[in-house]
Amino acid sequence: MAFRILIKTIVTAGSVEAMAGSVDAVAGHLDEIQQNTPEFLGFTLSSDRSERTALFSMYVDADDPEVAMVAAHSWAVTAINAAGDSTRGWATFAHPEERERVLA
């Protein structure tokens with residue numbers, strides 16, 4: 001079964017101008033992870049520079065919503081680190097109330 005997991009981040013590190021580049025780099029690394037991880041069905045990553053937030057929406061193939069949440073968070077953190085950013089500068093907040101089972 002598949003779940004859609006939303007993870008909101010507040011980007012506290014770097015300038016607002018640099019944030020767009022960071023988000024693009026994270027998306028690129030997330031795409032690499034998705035291409036090499038069968039359970040990672042797809043994602044979108046959007047950002048709001050005025051609020052310094054980014055929103056990950058990930059589709060995860062898992063039997064349990066908690067497993068899906070842990071996997072999505074792990075992939076987000078891995079992509080942030082691979083982009084050369086620190087998770088200290090990307091405060092992540094998983095929203096358990098914002099996950100849903102979807103047809104895969």
Side-chain angles (χ1 to χ4, degrees):
M1 103 183 44
F3 293 92
R4 178 174 163 248
I5 305 296
L6 297 178
I7 299 173
K8 183 178 182 180
T9 61
I10 299 173
V11 184
T12 59
S15 68
V16 172
E17 294 77 21
M19 183 180 156
S22 290
V23 170
D24 286 344
V26 169
H29 288 288
L30 205 55
D31 186 51
E32 285 182 40
I33 296 167
Q34 187 258 322
Q35 289 180 30
N36 294 294
T37 309
E39 299 81 19
F40 192 173
L41 304 175
F43 74 96
T44 60
L45 177 57
S46 59
S47 64
D48 182 334
R49 288 191 299 180
S50 66
E51 294 194 16
R52 296 187 62 93
T53 59
L55 182 64
F56 295 80
S57 179
M58 297 186 208
Y59 295 88
V60 182
D61 182 17
D63 292 331
D64 180 273
E66 297 303 320
V67 171
M69 179 69 74
V70 169
H73 187 265
S74 173
W75 298 328
V77 168
T78 299
I80 291 166
N81 287 321
D85 287 348
S86 165
T87 51
R88 175 179 274 177
W90 285 64
T92 59
F93 302 94
H95 293 275
E97 71 281 0
E98 293 186 32
R99 64 180 173 213
E100 63 183 302
R101 187 172 159 197
V102 294
L103 297 175

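The chain is numbered in sequence order, starting from 1. Because the structure is a prediction, the values reported are computed rather than measured.
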Considering all heavy atoms of both residues, which atom of [X] and which atom of [Y] are nearest to each other, and what is their separation?
{"X": "A79", "Y": "V26", "answer": "CB-O, 3.7 Å"}
{"X": "M58", "Y": "I7", "answer": "CE-CD1, 4.5 Å"}
{"X": "M19", "Y": "S47", "answer": "CE-CB, 3.9 Å"}
{"X": "S57", "Y": "R4", "answer": "OG-NE, 3.1 Å"}
{"X": "L30", "Y": "F43", "answer": "CD2-CD1, 3.5 Å"}

Return the [atom1] to [atom2] distance between [X] and [Y], rounded to the nearest 0.5 Å.
{"X": "M69", "Y": "I5", "atom1": "CE", "atom2": "CD1", "answer": "4.5 Å"}
{"X": "L55", "Y": "T44", "atom1": "CG", "atom2": "OG1", "answer": "7.0 Å"}
{"X": "S22", "Y": "E17", "atom1": "OG", "atom2": "CD", "answer": "11.5 Å"}
{"X": "E51", "Y": "I10", "atom1": "CD", "atom2": "CD1", "answer": "9.0 Å"}

(request) Tell me, with the steps shown, if T53 and K8 meet side chain to side chain contact (heavy atoms under 4.5 Å, CB included). (result) CA-CA 7 Å; T53 59; K8 183 178 182 180; 3.8 Å; yes
(request) Please check if any side-chain donor atom of N36 sits under 3.5 Å from a side-chain acceptor atom of E32, or the reverse. (result) no
(request) Could you tell me whether the side chain of D31 and the main chain of A27 form a donor-acceptor pair under 3.5 Å? (result)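 No, because the side chain of D31 does not come within donor-acceptor range (under 3.5 Å) of the backbone of A27.
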(request) With side chain to side chain contact (heavy atoms under 4.5 Å, CB included) as the test, would you mind laying out the steps for V60 and L41 before giving the verdict? (result) CA-CA 6 Å; V60 182; L41 304 175; over 6 Å; no
(request) Applying ring pair (Phe, Tyr, Trp, His ring centres under 6.0 Å) between F40 and each of W75, F56, F3, report the one that passes. (result)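 Testing each of W75, F56, F3 against F40, the sole residue satisfying ring pair (Phe, Tyr, Trp, His ring centres under 6.0 Å) is W75.
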(message) Would you say CG of D63 has more than 12 non-hydrogen atoms from neighbouring residues, nucleotides or ligands within 6.0 angstrom?
(response) no
(message) Using side chain to side chain contact (heavy atoms under 4.5 Å, CB included), reason through H29 and T78 one step at a time and then give a plain yes or no.
(response) CA-CA 8 Å; H29 288 288; T78 299; over 6 Å; no
(request) Could you walk me through whether V70 and E66 pass the side chain to side chain contact (heavy atoms under 4.5 Å, CB included) test, one step at a time? (result) CA-CA 6 Å; V70 169; E66 297 303 320; 5.6 Å; no
